[in-house]
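This structure is a prediction, so every number in the text was calculated from the model and none was measured. Ligands are counted one by one from 1 in listed order, and the atoms in each one are counted from 1 as well.
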Amino acid sequence: MDYDENNIFARILRGELPCEKLYEDAFALAFPDINPQAPCHVLVIPKGKYISMADFGAQASPEEITGFFRAVSLVAKRLGVEESGYRLLANAGPDSMQQVPHFHVHIIGGKRLGHLLAPP
Ligand code: AMP
């Protein structure tokens with residue numbers, strides 16, 4: 001599967017669609033999820049064109065991987081959920097129901113989240 005240049009997050013990265021930038025550096029961009037599932041629900045996306053975690057893990061450079069995950073932990077800290085805790089979630093592929101084919105992680109927190117999987 002090829003990277004879809006017109007996926008929503010690609011368009012946000014190109015500035016064609018708006019987002020509330022919470023954090024940005026050379027490797028990552030963070031913005032609130034448009035349909036929040038918890039008091040804190042923020043997406044972090046890499047600047048590079050990667051479809052999923054599988055693609056990112058296999059193809060991204062060590063600098064991109066390090067830079068991205070450093071950004072994720074920094075964003076969580078700035079959101080104020082480092083002490084209270086948060087869930088990091090990355091959907092990949094059909095069974096996960098990944099909607100946007102640009103790798104992203106959800107930082108979810110701000111309340112007790114319960115155990116790992118909600119009923120489908
Ligand atoms: P996933 O199912 O992991 O692919 O999650 C995609 C997420 O992107 C969903 O939680 C959507 O609510 C969110 N989303 C879709 N469009 C936008 C947008 N324009 N700005 C912010 N979040 C979005």
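Between the side chain of Lys47 and the backbone N or O of Asp25 there is at least one donor-acceptor pair closer than 3.5 Å. The main-chain N or O of Leu22 is never found under 3.5 Å from a side-chain atom of Arg78 such that the two would form a donor-acceptor pair.
Within the set His104, His106, Gln99, the minimum heavy-atom distance to atom 2 (O) of ligand 1 is found for Gln99. Counting only non-hydrogen atoms, the option in Asn7, Asn35, Leu17, Ile34 that gets closest to atom 23 (C) of ligand 1 is Ile34.
Taking a cut-off of under 4.0 Å to the non-hydrogen atoms of Met97, the atoms of ligand 1 that pass are 2 (O). Interface atoms of ligand 1 facing Asn91, defined by a heavy-atom separation under 4.0 Å, are 1 (P), 2 (O), 3 (O).
Phe103 has its ring centre no less than 6.0 Å from the ring centre of Tyr50. A ring-centre distance under 6.0 Å is not found for His104 and His102.
Not a single N or O atom of Phe9, backbone or side chain, sits closer than 3.5 Å to an N or O atom of ligand 1. Between Phe31 and ligand 1, no N or O atom pair is found at a separation short of 3.5 Å. In terms of N/O distances under 3.5 Å, ligand 1 is approached by Asp33.
Here CZ of Phe9 is found 4.5 Å from CZ of Phe31. Values are rounded to the nearest 0.5 Å.
Counting heavy-atom neighbours within 6.0 Å of Glu83 CD, excluding the residue itself, gives a total of 12 or less. Counting non-hydrogen atoms of other residues, nucleotides and ligands closer than 6.0 Å to CZ of Arg14 gives a total above 12.
Within the 4.0 Å heavy-atom shell around ligand 1 one does not find Gln37. The shortest separation from a heavy atom of Pro32 to ligand 1 is under 4.0 Å, placing the residue in contact.
Here Leu89 has no heavy atoms under 4.0 Å from ligand 1, in either its backbone or its side chain.
In this structure, Asp33 and Leu43 approach most closely via the heavy-atom pair OD2-CD2, 3.5 Å.
In terms of protein heavy-atom proximity, atom 19 (N) of ligand 1 is nearest to Ile8 CG2, 3.7 Å.
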